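Working notes, beginning with the structure itself.
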Amino acid sequence: MAADTTTLVSLVEEFVSGLQDNKARDIATAVKDGKFTVLQLVEALGHSLTSSQPHTRARGVQLLSDVLQECYANLTEKEVTVLISFYENRLKDHYVVTPPVLHGLRALTKCTALPSGSAVSMLRSLFQDVHVQSLMLAERSCVYNMLINLMETRESELKGLGADFVFGFVQSMDGERDPRNLLLAFQIAKSIIHRGYDLGKFTEELFEVTSCYFPIDFTPPPSDPHGITKDELIQALRAVLTGTPKFAEFLLPLLIEKLDSDVQSAKLDSLQTLTSCVSQYEHKDLAEFLEGLWVSLRREVFQTPSEKIESAGLTALTALTSCLSRSVLNSESEDTLSTFLDLVLKDCKHHLCEPDLKLVWPSTKLLQAACGASNRASHIITAAVMPSLIEQYNNRTQCSHRRTLLEVIQRFIQSVKSSQPSESEETVFGAFRQSLCGIVFSALSETNSSLQIVATSVLTSLAQQAGLLLDSDVELAVDHLTRLLLTEEDDRVSLAVVECAGSLAELHPTVFITKLIPRLKTEIFAEPMEQDNNNREASELHSHHAMRQRCLSALAAISTQPSVVHESTPVILEVLSSAHTGSVIFTVEEVVLACHSLQRIAEHVEDTEESGQCFHGVVIPRMLSLALQAALQGEGSTGCHSPLAEEKVLTAMVPVISTSCSRLQPMLAAQTASKAVSLFLDADVSFLPNNSFPANIHLLKAHNVFQKQHEGSWTQSQMVCLLIGCVCSLPRNVEVPQIDHLLSQLEDMSCTCGHLLSYTSAAKCFAALVNKRSQGDSLDTVIQRTMKRVCGELDSTSSPVRLQAFTLMVWVAKALLLRYHPLSTTMTDKLFSLLDDAELGLMAAEGFSLLMSDSDDVLNRASHADVRIMYRQRFFSENSAKLVEGFNAAPQEKKANYLKALSNIVNKLPKEVQVTELPALLSLLLEALSCSDQGVQLSTLSCLEPVLIDPPPALIQQLEALVSRLLVLIGSSAMNVRIAALRCIRALSGFPAHEILPFRARVLRALAQPLDDKKRLVRSEAVQARGEWFLLGSPGGR
Amino acid sequence: MSAGSRLENANPVIFQRSGERLLTASEEDEDVHDPIDDREIFDLIRSINDPEHPLSLEELNVVEQVRVKVNDAESTVSVEFTPTIPHCSMATLIGLSIKVKLLRALPDRFKTDVHITPGTHASEEAVNKQLADKERVAAALENSSLLEVVNQCLSTRKI
């Protein structure tokens, strides 16, 4: 024990006199381990603590504080009491002793054994003996931390101090300048307010001491290690200022004053603070400032050029109005809401009478902001505004005025939508229903297209007001929409009408079923009128086609409710079957449109039993049956073709089937798949409607390339693309029956068939099935078998099916790459080696684009394919070196293929990856820019452009090479290249000014020439690029 | 920026912007030569910002397509602009902005003429004379505070 004491004394000596800071840790460890007690330490310190030299005393206290810092948790209550009274006493000591004393006290505040009453006495002596703002940064932070610790654990004791606590805190933080400490101080102030400390008569002081920082203007120093942002400070201060209604009388005048500032960020901060403070306030807090606030808000919205401030102002107005609406009225107080809204109306309403002047829009926005705040506000405002708007609309004759008024009305209706009350009060627009409907219907009957478009959106908004429109109104609306659909030639109008019909049909399906669908059906099947004059006939035909197009898209748009779908799909199916039989003449485009409509319905209809039944039970079998009939017919007679045997139509059918299989009723989809498989493998036609088919169905029997081709021989084989729809987009847990047989048939077909659509579809289908097949030996066997076959064909240069084998390989490679299958590298390596191939080199380069891009029919997430995240990045990082190597080794004439492959890959990478990988590839890309192949130039430019917007440093170093190459390309013979090059040059103008200024004169001179380009599109790019470069380095520019 | 009193015309009439020019098939055809036409010149100047309002010259109807004449073969352009009020002190500045925009965006071969629509401004003649005088335009652009305002009018608006 004696030996221990000696060690301790010598350690203490080394710390105090020898100034060796690390001894503190040794002692602390020893105390924690129980070798010494704190009492022993104090005894050992004895002499240093009573020394006549203040520095020695400070050192002594520092040692004690450092030790306490480490082992405050082990102290007993008695020790703590003694230590606190010691430290409190030391606060009165020389100023050099104060810092270690504060550190010690902070350590003690964390102590759980703090005796009751000690917190109060600690704070009393702290506030009494220490002037916080004359301390250094670290000690000030120490004081704040003490307060925070004590507020955490001793809340009730501190509240016992009453307003003295608040006063002490106000004194301590008064004049604080360091952002780190400010964050702490704001945190304390926030707790004082939110935890209900008694502010007493110091409310204004607390407000003053914090609000003097408002609005916060702080730019962190570059490479700031503390990472404090302006926004953090703003949020922390806002939480203090807006925390209590007691601050209202001080805060609101301050906000009004700061709103007048010229600094945009100050305005924004004031508006946002206003928005957040009124959520706590009541009307009596606001009453006397309402006029001032309104004047400021109005000024900001009327005059600001910044959308941010405008929207912040509008949000603030909404918040203000809803605060006023919340307040409970009593008999003697005046109704502040209506007083305030009177102010708003007085200043804004008359602007609504001048629909061609600038202030009509800001006024509308302000009124709407107030209107959307509460149900009562919307009643008051609409009652004041709507009659005059309606009257004006009826009196004005100019279309542009009417359109503006209608738009204003529309926005009012929309703003009310959000504040619709739940209880059955009278709806806000109930009184105006009749006149509004009248306006809408009259606008729909006008000839002005923009008026019609606005009218459709007003109609939509009216319909969305629950319970507003009567059934008769809806019927009338449907009549108008039908008329416009059938007669209106303007694309924008018909688009708006279709959209409006879609949203109305969701709310009122029955009217659409009984009125619109039958009418559209008659019109679709009406034959175009016979005309003698040929020219006239052509234009008639054209407008008839356009009308059919509109009807079909309207049918698709209204079909979101299963009940509507039940009625609309038969009409579209009838289009397909009449087109097939030829009973009514439909062009191929119209049939394709019909398929698109079905696809749209499948995408948007609600996934219910009824809609699933409709698609899986009716639509798909009917389509398959029609396609099969068409295929057989085409095979028999070479003369007449049903449009349903056309490639375009078949490709349009695929997404209908695949969308239904992927999103409607998995159970039914599984049945569809198994029926389709038995149709394709076993020619089982039993599930097809009118199944009187001849026996010579062999859908997956490919016509071998060696056999002599005759026209029509592929009409059956190309139906394999429909199989894609049936089996490739199923959810992954749905099993495809007879999968092995199916795979081998597909493989055969894709390797032997001579018809492009057939072998490509077979390859896609094969790939999609492989992608979803579960991991295991059977999968590996299939892949290896295919791989062997494909490589065999590819390696023999005389093989007639190299192209087919190549297609299959690329698709399978993609399927495996997506799911990170280990065998995918063999495939992709083969693809790399083909870049040198004389015949397939260019196609191999294009193949990389297929690998990297999302294909829209198979192997995407919508069709439930197994797609791992970031497979592109992974592929790129594993293979970029191979590409560079191959490029360097390749003979000159093959280098273009590598560059093309590279730009295809890089193009599809996410921007973040591009930026990080760019330095390594930059020289290659620059090389690609000077490559003579225009395709390579174009794809390189398109991959450079996004990178240029936020240029990595590596690019800036190569600026000279980049600029000269781009300037060469603006003289290219292909206009796409010229345009892309000019875009890149425009993007260059956003680089750091000092880097690009040296090029300014040269670029401007070079850009003078494309200003006179023969193509307008090139000229317009040149004008924009040159404009930006002119602004560079010029006053007022950049 | 904040005080409303500084604006000469705080609540001007607003006109609708014309849409983007529709792309025609011949514009996408490599071999066809597209002549510079009135609409193209109008597209150059319609988006110029007004010095006072956050609005474009087109929205204030200061420039209109019918008041733009171009002759591609003879390389001449003539633009008439209409100040919003007859005493608008910004007329010269607006004219200068249009002039500068055309200088920057048209090939050298063009001779540009920018003037006020007859009868729409009090000091029409003086302004026209200033804008027609090459040396005075050049001298104005030497003045950096003037150039600053012009450049602001020609910047693409960022919000």
Side-chain angles (χ1 to χ4, degrees), chain A residues 259-264 267 296 298-300 302-310 351 354-363 400 403-404 450 492 973-976 1004 1007-1020 1022-1024 1026-1032 1034-1038, chain B residues 1-4 6-7 9-16 19 21 23-24 26-37 39-40 43-44 49 53-55 59-61 72 75 100-101 103-110 141 143-157 159:
Chain A
L259 267 174
D260 225 352
S261 148
D262 270 346
V263 186
Q264 299 283 309
K267 286 184 196 237
S296 303
R298 186 193 60 191
R299 188 190 56 227
E300 289 317 312
F302 272 10
Q303 282 183 12
T304 184
S306 144
E307 276 180 23
K308 247 194 201 154
I309 292 194
E310 185 192 78
H351 287 304
E354 304 152 339
D356 50 356
L357 298 189
K358 178 190 168 195
L359 290 181
V360 66
W361 283 116
S363 308
S400 64
R403 197 199 62 229
T404 308
S450 46
R492 290 179 310 138
S973 60
M975 73 184 245
N976 288 341
L1004 287 179
L1007 285 179
Q1009 183 235 335
L1011 289 181
D1012 213 2
D1013 198 279
K1014 68 174 181 176
K1015 299 308 299 173
R1016 184 170 294 128
L1017 294 172
V1018 180
R1019 291 198 295 265
S1020 98
V1023 165
Q1024 293 181 31
R1026 201 162 188 252
E1028 295 295 329
W1029 275 85
F1030 255 111
L1031 292 176
L1032 193 76
S1034 180
R1038 205 175 69 77
Chain B
M1 185 174 290
S2 59
R6 267 187 267 155
L7 293 181
N9 185 5
N11 192 9
V13 182
I14 308 252
F15 291 80
Q16 201 194 357
R21 183 181 190 138
L23 201 59
T24 60
S26 75
E27 280 177 43
E28 285 175 334
D29 184 346
E30 293 267 5
D31 305 320
V32 180
H33 182 283
D34 313 324
I36 297 181
D37 57 13
R39 174 67 204 249
E40 188 171 341
D43 278 339
L44 292 178
N49 304 327
H53 294 282
L55 293 167
E59 286 168 309
L60 293 170
N61 214 34
D72 195 15
S75 303
V100 172
K101 176 75 192 188
L103 284 176
R104 289 179 183 177
L106 284 178
D108 284 342
R109 62 188 169 92
F110 277 91
L141 296 181
N143 177 338
S144 71
S145 57
L146 213 52
L147 183 59
E148 185 177 340
V149 185
V150 169
N151 275 336
Q152 273 161 6
C153 293
L154 299 185
S155 302
T156 34
R157 218 180 295 158
I159 298 164

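In what follows, every chain begins at residue 1, and chains take the letters A, B, ... in the order their sequences are listed. Only a predicted model underlies this, so the values are computations on that prediction, with no experimental measurement involved.
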So for A/E354, is it side chain, backbone, both, or neither that comes closer than 4.5 Å to the heavy atoms of chain B? side chain

Partner residues of B/F110 under the ring pair (Phe, Tyr, Trp, His ring centres under 6.0 Å) criterion, sequence neighbours left out: none

At a heavy-atom separation under 4.5 Å, does B/E40 approach chain A through its side chain, its backbone, both, or neither? side chain

With a 4.5 angstrom heavy-atom cut-off, could you sort out which part of B/L146 is near chain A: side chain, backbone, both or neither? neither

So for B/S145, is it side chain, backbone, both, or neither that comes closer than 4.5 Å to the heavy atoms of chain A? neither

Chain B contact via A/S1020 - which portion, at a heavy-atom distance below 4.5 Å: neither

A/K267 and A/S261 have their tightest heavy-atom pair at CE-O, 3.0 Å

Audit row: A/W1029, A/L1031, side chain to side chain contact (heavy atoms under 4.5 Å, CB included) steps and yes/no: CA-CA 5 Å; A/W1029 275 85; A/L1031 292 176; over 6 Å; no

Check each atom of A/S1034 against the heavy atoms of chain B and say whether the ones under 4.5 Å are side chain, backbone, both or neither. both

Check the surroundings of atom CG in B/D29: do more than 12 heavy atoms from other residues, nucleotides or ligands lie under 6.0 Å from it? yes

Would you mind checking which part of A/A1022 comes under 4.5 Å of any heavy atom in chain B, side chain (CB onward), backbone (N, CA, C, O), both or neither? neither

Tell me, side chain or backbone of B/L60 under 4.5 Å from chain A's heavy atoms, or both, or neither? neither

Chain A contact via B/L147 - which portion, at a heavy-atom distance below 4.5 Å: both

Which one of A/L1017, A/T404, A/V360 has the most heavy-atom pairs closer than 4.5 Å to chain B? A/L1017

Option among B/D37, B/V32, B/D43 that satisfies the side chain to side chain contact (heavy atoms under 4.5 Å, CB included) test with A/R1016: B/D37

Looking at B/R21, B/R104, B/E27, B/R109, which makes the most heavy-atom pairs under 4.5 Å with chain A? B/R104

At a 4.5 Å cut-off on heavy atoms, which part of B/V150 comes close to chain A: side chain, backbone, both, or neither? neither

Walk me through whether A/S363 and A/F302 qualify under side chain to side chain contact (heavy atoms under 4.5 Å, CB included). CA-CA 8 Å; A/S363 308; A/F302 272 10; 3.6 Å; yes

Leading residue by heavy atom contact count with chain B [cutoff under 4.5 Å; candidates A/Q1024, A/R1019, A/R1026]: A/R1019

Out of B/S26, B/C153, B/A105, return the one with the most heavy atom pairs under 4.5 angstrom to chain A. B/A105

What distance separates B/E30 CD from A/K1014 NZ, expressed to the nearest 0.5 Å? 7.5 Å

Out of the candidates A/L1011, A/D1013, A/D1012, only one should pair with A/V1018 under the side chain to side chain contact (heavy atoms under 4.5 Å, CB included) rule; please name it. A/D1013

Show the nearest heavy-atom pair for residues A/L259 and A/E300, with the distance to one decimal. O-OE2, 3.4 Å

